[in-house]
Protein chains: 2
Amino acid sequence: MTPMKEDYLKIIFELGGSHKKVSNKEISLGLGIAAGSVTEMISKLADEGLVVHEPYAGISLTAKGQKYAAELVRKHRLWETFLVDKLNYNFADVHSEAEILEHQTSDRLATALDDYLQHPKHCPHGGVIPSANGKFPDVSHRLLADAEDGEEVELERFLDNHELLTYLEELQLRPSETVKVIRHEPFEGPIVIEKDGSDKKINVSYKAAHNIFIK
Amino acid sequence: MTPMKEDYLKIIFELGGSHKKVSNKEISLGLGIAAGSVTEMISKLADEGLVVHEPYAGISLTAKGQKYAAELVRKHRLWETFLVDKLNYNFADVHSEAEILEHQTSDRLATALDDYLQHPKHCPHGGVIPSANGKFPDVSHRLLADAEDGEEVELERFLDNHELLTYLEELQLRPSETVKVIRHEPFEGPIVIEKDGSDKKINVSYKAAHNIFIK
DNA sequence: CGAAAAAGTTAGGCAATCCAAACTACTCGG
DNA sequence: CCGAGTAGTTTGGATTGCCTAACTTTTTCG
């Protein structure tokens, strides 16, 4: 298993390949690799029994591919947690480091890191850390953008995008915080919220609110 | 810079390429790569100004190559220290993990790790950790095997070899311990030593004693 | 010294992975 | 329901880094 193959598996996983078919194009865009190269690599992964590929119809993960991808996500998120909790990185900056380290992490190292971090359940931006056997619970897909005015919600998870996370860091929002939704400004305007126990209003842009998942 | 090029630089450094010429053969044996492939890679490194290569005469590092190699050694040893001090690896097991991680370590990560470990001076088997600018002090080249009977010496550094380190772990020897040399058994027999403040005799094999450096 | 051995270099190939371009198969609007 | 546009696949070519085998240079030793 090469790092590149791992990247293919992981992006298919992230695009939902565990429960639906993913298109060549999505992978191509996600990895920034030409479509032809994607087809080629997919057929190798299919030969190895990691994905199922029906020509022209889409690509999805086999159970084996799913497990492998979950292990990668586990390693990735353990590193992110380490970087934030121990090395004092801010949570917007950890993604790219973790992206690289995950490919070089033995199972033994992942276990040792997990112990050292005292078995964290979530990474810094709220993603669930799969268990060592590749299991992971379902996560919420409800967006902050879709919360009702007046509702109190818990921020669960932010998409792992540098720009978004930098923005949220400035707004001092973190996963697992409880916030109250005050109102939705019209015409794709911001969602106005208050942090629990404060009455300071925070404007979360329309776009950002579509990248924040709530419980 | 690819990981393989880094491996070439590092082995040249370890073979003494900072202060003398290293042969193709040493590199070939050290990396387990065919001599022809070594020649090829060396000429690429020479093009990049990292090594100087005089055909048939040997290979040595330029200042630039030296600095780069020292940074790699730094990263390697920081990881080793982390694995032993924080993740409770035993010191015989860290080399291979560190070997992989070092190639994926940004300068920022190395700095953060160094801070977190509180600027260790030595890695677990006693090697000096070069500073961030690639500087590193001279180290002792005196072998335990060459100590006089009756002499008290401090163990400085063990060669980074899994088999050796496992053996030394069994003997409960660690860098920076002071030991007294009792006698050298004849015919390449063991060197008999005592740990400071104990009168328990420890036999260190002839070969191992040639892989242990003392102050 | 001079030839065999050792060390080093060169040449031809192979595998992985990428790309661009050509070709094929869907799909959607008129 | 057909043709244009989009998506997907195939093909041919580049690059990196490895190998083996052949060739060249240097060293060693009788």
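Chain letters run A, B, ... following the sequence lines, proteins first, then strands; residues in each count from 1. Excluded from the calculations below are hydrogen atoms, water molecules and symmetry mates; all remaining heavy atoms, backbone and side chain alike, are included.
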With a cut-off of less than 4.0 Å, is there a side-chain N or O of [X] near OP1 or OP2 of [N]?
X: B/His53; N: C/dG8; result: no
X: A/Ser37; N: C/dT17; result: no
X: B/Thr39; N: C/dT9; result: yes
X: A/Lys25; N: D/dT6; result: no
X: A/Tyr56; N: C/dC23; result: no

Checklist line | A/Pro55 vs A/Pro3, nearer the 5' end of DNA chain C by closest nucleotide | finding: A/Pro3

Margin query: Can you work out whether A/Tyr8 or B/Glu54 has the more 5'-proximal nearest nucleotide on DNA chain C?
Written below: B/Glu54

How close or far is atom [atom2] of [N] from atom [atom1] of [X], stated in whole angstroms?
X: B/Leu29; N: C/dA7; atom1: CG; atom2: P; answer: 9 Å
X: B/Met1; N: D/dT16; atom1: CE; atom2: P; answer: 13 Å
X: B/Asn24; N: D/dC18; atom1: CG; atom2: P; answer: 13 Å
X: A/Glu6; N: C/dA16; atom1: CD; atom2: P; answer: 16 Å
X: B/Lys21; N: C/dA7; atom1: NZ; atom2: C1'; answer: 15 Å
X: A/Met4; N: C/dC18; atom1: CE; atom2: P; answer: 5 Å
X: B/Glu40; N: C/dT10; atom1: CD; atom2: P; answer: 11 Å
X: B/Lys44; N: D/dG17; atom1: NZ; atom2: C1'; answer: 6 Å

Tell me what [X] touches on the nucleic acid: a base, only sugar-phosphate, or nothing, going by heavy atoms under 4.0 Å.
X: B/Ala35; value: base
X: A/Ser43; value: nothing
X: A/Gly32; value: sugar-phosphate

Note to self: Using ring centroids (six-membered ring only for Trp), state whether A/Phe136 and A/Phe13 fall under 6.0 Å.
What the structure shows: yes

Check: If you take all heavy atoms of A/Lys20 and A/Leu15, which pair is closest and at what distance?
Finding: NZ-O, 3.3 Å

Check: Just by distance, with hydrogens left out, do B/His76 and B/His95 show a side-chain donor and acceptor under 3.5 Å apart?
Finding: yes

Margin query: Under a plain distance cut-off of 3.5 Å, with no hydrogens placed, do A/Glu80 and A/Tyr89 share a side-chain donor-acceptor pair?
Written below: no

Note to self: I need the single residue from B/Lys75, B/Lys10, B/Arg74 that forms a salt bridge (charged side-chain N to carboxylate O under 4.0 Å, His left out) with B/Glu102. Which is it?
What the structure shows: B/Lys10

